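The block underneath contains the structure these notes are about, expressed in structure tokens.
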Amino acid sequence: MDDQTRMLASMGGLGGLSQADVGDPDSVRKQQSLGQPPQDIGDILQQIMAITDESLDEAQARKHALNCHRMKPALFSVLCEIKEKTVLSIRGVQEEDPPDPQIMRLDNMLLAEGVSGPEKGGGSAAAAAAAAAAGGSPNDGSIEHSDYRAKLAQIRQIYHSELEKYEQACSEFTNHVMNLLREQSRTRPISPKEIERMVAIIHRKFSSIQMQLKQSTCEAVMILRSRFLDARRKRRNFNKQATEVLNEYFYSHLSNPYPSEEAKEELAKKCAITVSQVSNWFGNKRIRYKKNIGKFQEEANLYAVKTAVDAANVSAQASQANSPATPNSG
DNA sequence: CCATATGATTCAGG
DNA sequence: CCTGAATCATATGG
């Protein structure tokens with residue numbers, strides 16, 4: 001844009017001058033060929049100064065008269081053509097790559113993360129993707145999810161408001177420049193094509209800002225993801241009672257420690273954890289038990305006794321119906 | 001601060 | 001899709 005602006009600006013200056021001596025278009029050349037430049041320049045200067053003495057109405061009228069001159073359109077197009085040829089080499093260079101690959105990549109990423117997509121659909125899509133491994137139970141991972149969703153919504157909101165600001169500023173600026181150029185096209189050769197080109201240039205410049213916005217949004221989402229969705233960062237041990245329940249099941253089914261889906265659901269409910277957490281726990285337990293049975297022998301005995309005692313208690317309670325004297329383990 | 005425990009994730013295989 | 005195995009990253013106890 002810089003080169004063009006400079007060029008247009010300088011031609012604007014010329015425009016003022018040519019308007020000044022339009023009364024006798026050949027005067028300059030004639031006098032120059034006569035070989036008395038100082039005098040001629042003084043002449044021109046005088047004419048210019050005379051303009052400032054004119055009233056606004058007079059100047060306006062003169063301008064209007066010029067604009068209505070029958071030769072004006074022809075002259076205008078000729079000037080445009082000349083200008084087109086003169087500046088051709090300058091632009092021509094950067095005319096391609098309309099679909100910026102990088103911005104498309106960022107767009108796709110933001111869409112996938114549910115930042116730029118539709119309000120509810122995108123968000124739940126991301127949530128579904130996150131919970132996909134969990135088997136679809138509605139309460140899976142809901143503890144951290146609300147937090148994650150809230151933060152994501154926050155990013156989303158910032159992104160959209162910034163994008164809106166950006167779009168507004170862009171169109172405002174574009175309109176401004178277009179109006180300016182259109183206005184100036186009355187006094188200097190600016191073809192509609194050129195205005196179009198200028199708009200394209202502006203948009204290209206602005207799109208780098210947009211890319212920056214999208215890039216930083218992407219970054220924020222990625223950080224958020226790694227913080228919240230990688231639960232390894234927030235590992236919390238299950239409470240004692242939960243591990244007890246799980247161990248009980250494990251050691252009482254030691255010959256086949258593979259809980260069915262229903263069993264997993266029940267264990268999950270008892271332990272206030274998710275089904276996938278139960279699966280994880282059993283997966284880890286099996287492999288670690290198998291790896292070093294000796295290390296777990298004590299634990300195995302403990303739970304074997306425990307279940308035996310519990311069974312005894314249960315049977316005792318069952319056989320004794322409703323006797324209040326049944327001893328309970330603290 | 002280190003070693004160990006532990007929940008979660010990743011990846012290969014059936 | 002489920003599992004075993006390896007691995008990661010944190011929690012915990014000494």
Side-chain angles (χ1 to χ4, degrees), chain A residues 105 108-115 121-155 217-310 329-330:
Chain A
R105 242 188 37 226
N108 286 339
M109 203 180 278
L110 288 173
L111 205 65
E113 298 301 337
V115 175
S124 67
S137 180
N139 60 350
D140 255 1
S142 59
I143 307 130
E144 299 179 21
H145 242 110
S146 57
D147 211 359
Y148 172 77
R149 291 263 284 272
K151 291 255 161 91
L152 189 66
Q154 205 177 327
I155 289 176
T217 307
C218 259
E219 215 169 287
V221 171
M222 287 332 241
I223 290 170
L224 184 71
R225 266 180 84 87
S226 66
R227 275 262 176 76
F228 282 84
L229 289 190
D230 184 2
R232 281 185 294 200
R233 289 189 182 286
K234 302 189 76 179
R235 192 178 72 77
R236 294 275 175 274
N237 292 349
F238 300 152
N239 61 37
K240 221 172 170 185
Q241 189 226 326
T243 49
E244 238 169 71
V245 169
L246 293 167
N247 273 316
E248 245 169 66
Y249 188 99
F250 180 80
Y251 287 110
S252 62
H253 299 72
L254 204 48
S255 55
N256 186 32
Y258 297 87
S260 64
E261 192 57 36
E262 296 89 62
K264 278 184 197 170
E265 273 169 35
E266 199 179 320
L267 285 167
K269 206 170 63 321
K270 266 198 221 172
C271 302
I273 58 179
T274 69
V275 172
S276 40
Q277 280 178 307
V278 173
S279 298
N280 286 338
W281 189 91
F282 273 90
N284 284 321
K285 191 73 185 179
R286 281 191 297 263
I287 185 69
R288 284 165 186 165
Y289 178 81
K290 199 182 78 178
K291 246 182 186 164
N292 190 351
I293 296 178
K295 198 169 71 181
F296 288 91
Q297 202 53 59
E298 206 176 320
E299 196 178 64
N301 291 336
L302 195 142
Y303 281 100
V305 170
K306 201 183 191 49
T307 50
V309 168
D310 281 359
S329 53

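This one's a predicted model, so the numbers in the text were calculated from it and none came from an experiment. All heavy atoms count here, side chains included; hydrogens, waters and symmetry mates do not.
- The distance from atom CZ of Phe282(A) to atom P of dG7(B) is 12 Å, rounded to the nearest whole Å.
- The CG-P distance, from Asn284(A) to dA6(C), rounds to 13 Å in whole Å.
- For DNA chain C, the neighbouring residues in residues 246-265 of chain A, judged by any heavy atom under 4.0 Å, are Tyr258(A), Lys264(A).
- When rounded to the nearest whole Å, the span between CG of Asn280(A) and P of dG4(C) equals 12 Å.
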- What pattern of brackets, bars and dots sums up DNA chain B from 5' to 3', given Watson-Crick or G-U wobble pairs under 3.5 Å, [ ] for crossing pairs and | for another strand? ||||||||||||||
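- Listed by chain and number, the residues in a side chain to side chain donor-acceptor pair (under 3.5 Å) with Tyr251(A) are Glu299(A) (sequence neighbours excluded).
- Here the C1' atom of nucleotide dG7(B) and the CZ atom of Arg286(A) are 15 Å apart, to the nearest Å.
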Would you mind writing out the side-chain donor-acceptor pairs for residues 241-249 of chain A within the sub-3.5 Å range, not counting sequence neighbours?
from: Thr243(A); atom 1: OG1; to: Asn239(A); atom 2: O; distance (Å): 3.4
from: Thr243(A); atom 1: OG1; to: Lys240(A); atom 2: O; distance (Å): 2.8
from: Asn247(A); atom 1: OD1; to: Lys285(A); atom 2: NZ; distance (Å): 3.2
from: Asn247(A); atom 1: ND2; to: Thr243(A); atom 2: O; distance (Å): 3.1

Listing, residues 258-273 of chain A side-chain donor-acceptor contacts under 3.5 Å, not counting sequence neighbours, or none:
from: Ser260(A); atom 1: OG; to: Ala263(A); atom 2: N; distance (Å): 3.2
from: Lys264(A); atom 1: NZ; to: Ser279(A); atom 2: OG; distance (Å): 3.2

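- Distance CG (Asn239(A)) to P (dG7(B)): 10 Å, rounded to an integer number of Å.
- Scored by the side chain to side chain contact (heavy atoms under 4.5 Å, CB included) test, Asn237(A) finds Arg235(A) as partners (sequence neighbours excluded).
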Using the 3.5 Å cut-off, write out each protein N or O paired with an N or O of nucleotides 2-6 of chain B and the distance between them.
from: dT6(B); atom 1: O2; to: Arg235(A); atom 2: NE; distance (Å): 3.0
from: dT6(B); atom 1: O2; to: Arg235(A); atom 2: NH1; distance (Å): 3.1
from: dT6(B); atom 1: O2; to: Arg235(A); atom 2: NH2; distance (Å): 3.3

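- For Gln277(A), no side-chain nitrogen or oxygen approaches OP1 or OP2 of dG7(B) to under 4.0 Å.
- To the nearest 0.5 angstrom, Tyr289(A) atom OH is 6.5 Å from Phe250(A) atom CZ.
- Put simply, NZ on Lys291(A) is 8 Å from P on dA5(C), counting in whole angstrom units.
- Here Gln297(A) pairs with Ile293(A), Ala300(A), Asn301(A) under the side chain to side chain contact (heavy atoms under 4.5 Å, CB included) rule; sequence neighbours left out.
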